[in-house]
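One structure is given below, encoded as structure tokens.
Atoms considered below: every heavy atom in the structure, side chains included; atoms not considered: hydrogens, waters and symmetry mates.
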Amino acid sequence: PDSVDNDFTFGEVLSVAEGYFERGNFIPAAVTTGDKVVFPKVAGTKVTLNGEKLIRVFMDDIIAKEIDGEILPD
């Protein structure tokens with residue numbers, strides 16, 4: 001249904017950290033620069049940098065990424 005498109009934001013990864021620590025374990029990044037990703041509209045922090053509107057999103061908020069032209073769950 002059309003309402004599904006309104007619940008998510010589609011974007012492109014511009015920058016990504018190598019990963020993060022959780023309970024003392026290093027978790028490597030599941031995405032790389034240039035990946036197309038999907039995340040809930042309520043996720044992330046909206047910022048403006050040099051006049052460009054961006055959204056900073058934690059890796060845990062990314063629910064899918066594009067692989068070979070298809071959006072697949074991450």
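Across all non-hydrogen atoms, the minimal contact from G44 to D61 is N-OD2, 4.2 Å. Closest approach of V37 to V31, counting heavy atoms only: CG1-CG1, 4.0 Å. Closest approach of A29 to A17, counting heavy atoms only: CB-O, 3.4 Å. Residues S15 and T33 come closest through the heavy atom pair CA-OG1, 4.0 Å.
The NZ atom of K36 lies 12.5 Å from the CZ atom of F10; values are rounded to the nearest 0.5 Å. For the atom pair L54 CG and L14 CG, the distance stands at 6.0 Å (nearest 0.5 Å). The distance from the OG1 atom of T9 to the NZ atom of K41 is 4.0 Å, given to the nearest 0.5 Å. One distance of note links OH of Y20 with CG of N25; it measures 10.5 Å at 0.5 Å rounding.
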CA sep, side-chain torsions, deciding dist, call: R56, F58, side-chain contact (heavy atoms from CB on, under 4.5 Å): CA-CA 7 Å; R56 180 182 179 270; F58 288 104; 3.4 Å; yes
Verdict with supporting geometry, I55 and T45, side-chain contact (heavy atoms from CB on, under 4.5 Å): CA-CA 5 Å; I55 303 174; T45 304; over 6 Å; no
V57 vs I62, side-chain contact (heavy atoms from CB on, under 4.5 Å): CA-CA, chis, key distance, verdict: CA-CA 8 Å; V57 178; I62 296 172; 4.1 Å; yes
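Remark: E22 engages no residue in a salt bridge (Lys or Arg N to Asp or Glu O under 4.0 Å) (not counting sequence neighbours).
Judged purely by atom type and a 3.5 angstrom limit, K65 uses its side chain to pair as donor or acceptor with the backbone of A30.
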